[in-house]
There are 2 protein chains.
Amino acid sequence: MYDVHMSSRKPIAPTRATLSRERVSLAAIRLADESGLEALNMRALAQDLGVVPMALYKHVANKEKLLDEMIDAIVREIEPLEESSDWKSALRHRILSARQALLRHSWAPHLIESRTSASPEVLDYMDSLVGIFIQAGFSLDLTHHAMHALGSRMWGFIQEVFPTPTPPTDPELLAAMFAQWSVRYPNIIEMASAAQQSCDDQFEFEFALDLLLDGLERMHLSGWSSTPKDRSENPQLESAVRGKRKKKR
Amino acid sequence: MYDVHMSSRKPIAPTRATLSRERVSLAAIRLADESGLEALNMRALAQDLGVVPMALYKHVANKEKLLDEMIDAIVREIEPLEESSDWKSALRHRILSARQALLRHSWAPHLIESRTSASPEVLDYMDSLVGIFIQAGFSLDLTHHAMHALGSRMWGFIQEVFPTPTPPTDPELLAAMFAQWSVRYPNIIEMASAAQQSCDDQFEFEFALDLLLDGLERMHLSGWSSTPKDRSENPQLESAVRGKRKKKR
DNA sequence: ACCTGAACACCGTTCAAGT
DNA sequence: ACCTGAACACCGTTCAAGT
């Protein structure tokens, strides 16, 4: 226990320093890292800091602002831009670095999805990605589409909608489930039977990232431009452009 | 008001029929459509149905199960598979149809993201997509990667992380914000200046979808196979394969 | 078999007061 | 200036009872 009577001077390394906005958000990150986002509530956070819940509200406006702070802390973990490399390597490096930061905080994807506005730190990062495309000579139009195509992937994650269920450990149950699924979901079972080793998330992430970057490179080199005339000469996006035309009419 | 003394027989079209699982989930969808997901709580839902909150629990196990029901109702809105068309058209049709269903229910993306398991209806839909790839002769391995690369796009949405803020209507405020952003986020401003007309979500969705489908087609035609030897002969995914190799070693 | 009323546990937050 | 204690509003859900 900390002995308050020990000295009237401030301890050199106080274990219970006065609160600050940074101390609160760091504690929130630690709590989420250890116990998950659902365990992060103002009462538990206050207890971790040895303080009464309402003490937090002198340093963060409300819980939403606190969650924004947590995102900013993660964005600061992303490695800075490598000026020297070519656009594709620079993008890959930045995005895979963002992914590393996110992997250290498993709650981050869900939190990012729930945010309704971007902080200055977030916009700084996005601005740097836009800059990579523009500096590489991408048209502003293609740059815009590229950013949309990346979506959450620019933050190093793709939402795994409807995660594949973990198969039961009991071999008897497993066999029963396999038999049942083979009848109702034959294609899924056939596909799964090919992936003997468990699915490698990092590989799947880079596979799709490269699929997008390679496609964007091809469009850029084949002279994608912002004028509709040039667009229609590009056979790759014929159908998408057709859709836009129809809507404009 | 409904007159209960009017007749002892059941009314032909009862306005206050007895509850059922379907009636509850339909009311939940209507409430979410009209007032948003955050307005959907058991008390409000019960009031809409003219019943006390606890009456709902005889028909749905809990709120989570109710949310699962709502997803299933949407999945049933997706148009069935067109057997005759080629794989790319079939996929586009199915996915754009899923998108239409989702656009009718703006709360659906957030709800889909939050689900932790897939219902049989959900698996049926995913199985049909896997089947399209396999029937087109895609290797099981490439099919697997393709499904991951599609991600949430197979449900007709991409998560718009950090949505772009709506610019202020007051021209003076707008000018001030523009000046500020031009200094700190020059690339974003430059990119945005090219997109005069407001951003077309449908176009961006189809742009990225076609980028992925075209890339997958190219890999399929160039003989992507599941053996590592063949993989390294495909120059397009050199870096991703390199990453996987390193991990395996 | 189905619905009701009261109550509990939990959580974000306001308010008036303490030092 | 910073922290505290009690309380309020809100929400999912349990429980024992009603018909």
Side-chain angles (χ1 to χ4, degrees), chain A residues 1-2 4-5 8-11 14-29 31-32 34-71 107 110-111 114-116, chain B residues 1-2 4-5 8-11 14-29 31-32 34-71 107 110-111 114-116:
Chain A
M1 287 294 146
Y2 184 70
V4 289
H5 305 293
S8 61
R9 281 169 295 168
K10 277 185 185 172
T15 50
R16 279 287 170 265
T18 53
L19 256 42
S20 69
R21 203 165 48 111
E22 200 192 354
R23 258 176 60 79
V24 171
S25 68
L26 283 179
I29 288 174
L31 181 56
E34 287 171 5
S35 313
L37 204 55
E38 71 285 351
L40 171 61
N41 63 64
M42 301 306 269
R43 281 169 170 86
L45 182 58
Q47 193 166 15
D48 271 20
L49 286 163
V51 101
V52 92
M54 274 316 298
L56 304 175
Y57 284 85
K58 286 288 154 188
H59 302 96
V60 291
N62 50 39
K63 192 180 179 182
E64 287 297 297
K65 290 284 183 186
L66 174 61
L67 298 178
D68 284 340
E69 287 278 335
M70 294 169 69
I71 297 289
W107 41 269
H110 247 104
L111 198 52
S114 74
R115 295 301 83 198
T116 54
Chain B
M1 287 294 147
Y2 183 70
V4 288
H5 305 294
S8 64
R9 279 170 296 167
K10 278 185 184 172
T15 50
R16 280 285 170 266
T18 54
L19 257 42
S20 69
R21 203 166 48 112
E22 199 192 353
R23 259 176 58 81
V24 171
S25 68
L26 283 179
I29 288 174
L31 181 55
E34 288 171 5
S35 314
L37 205 55
E38 71 284 352
L40 172 61
N41 64 63
M42 302 305 269
R43 282 170 169 86
L45 181 58
Q47 194 166 13
D48 270 20
L49 286 163
V51 101
V52 91
M54 273 317 297
L56 305 175
Y57 284 85
K58 285 289 154 191
H59 301 95
V60 291
N62 51 40
K63 192 180 180 182
E64 287 297 296
K65 290 284 183 186
L66 173 62
L67 298 178
D68 284 339
E69 286 279 334
M70 292 168 70
I71 297 290
W107 42 267
H110 246 103
L111 196 53
S114 74
R115 295 302 82 198
T116 54

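None of the values given here were measured: they were computed from a predicted structure. Each chain gets a letter, A, B and so on, in the order its sequence line appears, and its residues count up from 1. Note: hydrogens, waters and symmetry copies are ignored here, and every other heavy atom, side chains too, is used.
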Could you tell me how far apart [X] ([atom1]) and [N] ([atom2]) are, to the nearest whole angstrom?
X: A:L67; N: C:dG12; atom1: CG; atom2: C1'; answer: 12 Å
X: B:N41; N: C:dC11; atom1: CG; atom2: P; answer: 18 Å
X: A:R21; N: D:dC2; atom1: CZ; atom2: P; answer: 13 Å
X: B:K65; N: D:dT13; atom1: NZ; atom2: C1'; answer: 16 Å
X: B:Y57; N: C:dA1; atom1: OH; atom2: C1'; answer: 20 Å
X: A:K63; N: D:dC10; atom1: NZ; atom2: C1'; answer: 14 Å
X: A:E38; N: C:dC11; atom1: CD; atom2: P; answer: 11 Å
X: B:M54; N: D:dG18; atom1: CE; atom2: C1'; answer: 14 Å

Identify the heavy atoms of [X] and [Y] that sit nearest to each other, and give their distance.
X: B:L66; Y: B:S25; result: CD1-CA, 3.8 Å
X: B:N41; Y: B:A44; result: OD1-N, 2.8 Å
X: A:W107; Y: A:I29; result: CZ2-CG2, 3.9 Å

- When rounded to the nearest 0.5 angstrom, what is the spacing between CZ in A:R115 and NE2 in A:H110?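 A:R115 CZ to A:H110 NE2: 12.0 Å, rounded to 0.5 Å.
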- Query: Taking atom CG of A:L26 and atom CG of A:L31, what is their separation to the nearest 0.5 Å?
  - Reply: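 It comes to 12.5 Å.
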- Message: Can you identify which nucleotide, out of D:dT13, C:dT13, C:dT14, has its nearest atom closest to the A:R43 side chain?
- Response: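 Nearest to the side-chain atoms of A:R43, counting from C-beta on, is C:dT13.
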- Message: Tell me whether the count of non-hydrogen atoms from other residues, nucleotides or ligands lying under 6.0 Å of CZ in A:R21 goes above 12.
- Response: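 Not more than 12 within 6.0 Å, no.
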- If we only count heavy atoms from C-beta on, is the B:L40 to B:M70 side-chain gap below 4.5 Å? yes
- Encoded 5' to 3' (Watson-Crick or G-U under 3.5 Å; [ ] crossing; | other strand), DNA chain C becomes ||.|||||...|||||.||
- Item | Nearest-nucleotide comparison on DNA chain C, the residue closer to the 5′ end among A:A61 and B:H59 |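 Of the two residues, B:H59 wins.
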- Task: Would you mind classifying the nucleic acid contact of B:K58 as base, sugar-phosphate or nothing, using non-hydrogen atoms under 4.0 angstrom?
- Result: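 Contact class for B:K58: base.
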